[in-house]
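A short worksheet on the structure shown next.
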Amino acid sequence: TVVIDEGDTVVAGTVVATIDDARHEARLAEAEAEFTSYQAQVAEREAELIQTQSDLAALDALAVRGAATDREHRDARTAVLVAEARLRSAQRQVESSARQAELARIRLQDLTVVAPFDGRVIRRHVEPGEWVDPGQPVVTLVSTGTIEARLEVPERFAAALNADGESLTIEVQTVAGISRSSEVRPVPEVDARARTFPVIVELDDRRGRLSPGMSVTASVPAGPAVERVTVPKDAVVRSAMGAHVFVATEEAGQTTAQRRDVRVLFTTGNRVALASGDVEPGERVVIEGNERLRPGATLVLIDEPEGDTRLALKY
């Protein structure tokens with residue numbers, strides 16, 4: 001019986017499916033009965049050994065006075081040896097039956113399939129009442145929480161990644177947003193054609209939005225930290241002549257648009273880093289309507305519901 005559906009989220013230990021256990025219950029009961037029977041045999045063999053040892057001790061005492069024959073003495077010794085052998089055999093049978101009972105108990109427990117980790121069900125392979133073969137998958141479970149992403153990093157950045165990845169933060173852009181990871185594990189294996197080497201990073205996916213096969217984009221620090229002015233992506237207008245932004249300037253009591261040609265260095269999340277001097281810290285840039293904006297146009301501030309203040313064309 002499969003007790004979960006596709007799309008369900010489970011935690012480690014959650015019961016995923018149960019398999020009919022009638023036969024295994026019977027086998028466990030049989031193994032436990034055999035174990036009890038062999039334990040009784042051991043007790044019987046121990047009593048026999050005690051009796052034969054007692055008989056031998058009595059004959060030893062009689063032999064000192066010459067009241068016992070050599071044949072009787074040999075028979076008594078043989079009886080002790082036989083009793084010891086039968087006791088050892090019974091003890092081995094107890095050990096064997098105990099292992100069989102434990103194996104039956106483990107197989108019975110295996111009929112209850114539980115989630116080995118926190119995850120999300122993406123496929124159910126069997127339906128209630130369906131026969132299941134040994135090794136056949138029941139469900140496909142994708143891990144949630146902390147997952148691993150494999151990045152291919154150009155070999156020229158190898159020096160930026162130290163041997164154990166300590167104190168290194170990689171910024172990863174995924175469908176779930178931006179995640180920063182300090183758990184970095186470079187793999188010392190270079191692709192001879194692409195000249196890249198893999199790096200494994202751990203990402204927080206507690207919301208369960210990532211799945212195997214999804215692509216991620218990462219920024220790997222390849223040099224010393226340098227402060228850069230960043231602007232929203234929407235502020236940058238690109239054309240055949242290059243990239244530019246419109247900066248809000250105050251002239252004669254009015255806010256007007258001033259065009260600034262900029263050089264884009266890189267993109268991080270929803271921000272764009274610009275070369276030094278293109279835009280000064282604190283300057284306001286237009287992020288709406290800038291595609292059709294002309295230098296000197298009048299601007300007006302628009303207050304968004306979330307409190308974000310945007311610059312746009314005044315109509």
Hey, mind stepping through Val286 and Val245 against side chain to side chain contact (heavy atoms under 4.5 Å, CB included) and telling me if it holds?
CA-CA 7 Å; Val286 181; Val245 300; over 6 Å; no
Determine, stepwise, if the pair Gln41 / Gln93 fulfils side chain to side chain contact (heavy atoms under 4.5 Å, CB included).
CA-CA 9 Å; Gln41 288 187 15; Gln93 287 177 325; 3.4 Å; yes
Show your reasoning for whether salt bridge (Lys or Arg N to Asp or Glu O under 4.0 Å) applies to Arg23 and Glu25.
CA-CA 5 Å; Arg23 294 184 180 181; Glu25 285 278 10; over 6 Å; no
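Leu274 and Phe266 are members of different hydrophobic clusters when ILVMFWY side chains are connected at heavy-atom separations under 4.5 Å. Taking hydrophobic clusters as Ile, Leu, Val, Met, Phe, Trp and Tyr residues chained together by side-chain heavy-atom distances below 4.5 Å, Val10 shares a cluster with Val114.
Remark: the Thr256 side chain and the Thr298 side chain contain no N/O donor-acceptor pair separated by less than 3.5 Å. Arg123 and Thr140 form no side-chain donor-acceptor contact under 3.5 Å, judged by distance and modelled atom types alone. The closest side-chain donor-acceptor pair between Glu155 and Thr196, if any, does not fall under 3.5 angstrom.
Between Leu141 and Ala115, the shortest heavy-atom distance links the atoms CD2-CB, 3.9 Å. Between Ala257 and Phe246, the shortest heavy-atom contact is CB-CD2, 3.9 Å. The minimum heavy-atom distance between Ala83 and Thr52, with the atom names listed, is CB-OG1, 3.7 Å. Between Arg105 and Leu28, the shortest heavy-atom distance links the atoms N-CD1, 3.9 Å. Nearest heavy atom pair, residue Val80 against residue Leu49, reads O-CD1, 3.8 Å.
Using a 4.0 Å cut-off between charged side-chain N and carboxylate O, Arg86 and Glu84 make no salt bridge. Ion pairing between a basic and an acidic side chain is recognised when a charged N comes within 4.0 Å of a carboxylate O; Arg27 and Glu30 show such pairing. Taking 4.0 Å as the cut-off between side-chain N and carboxylate O, Arg259 and Asp261 count as a salt-bridged pair. Ion pairing between Arg124 and Asp5 holds under the 4.0 Å rule for side-chain N and carboxylate O. Ion pair Arg99/Glu102 not flagged as a salt bridge, since none of the NZ, NE, NH1 or NH2 atoms sits closer than 4.0 Å to an Asp/Glu carboxylate oxygen.
Partners of Asp60 according to the side-chain hydrogen bond (donor to acceptor under 3.5 Å, both in side chains) rule, which considers only residues two or more places apart in sequence or in another chain, are His73.
The environment of CD in Glu227 is sparse: at most 12 heavy-atom neighbours from other residues, nucleotides or ligands sit within 6.0 Å.
When each of Asn270, Val272, Val285 is tested with Pro232 by the rule side chain to side chain contact (heavy atoms under 4.5 Å, CB included), just one qualifies, namely Val285.
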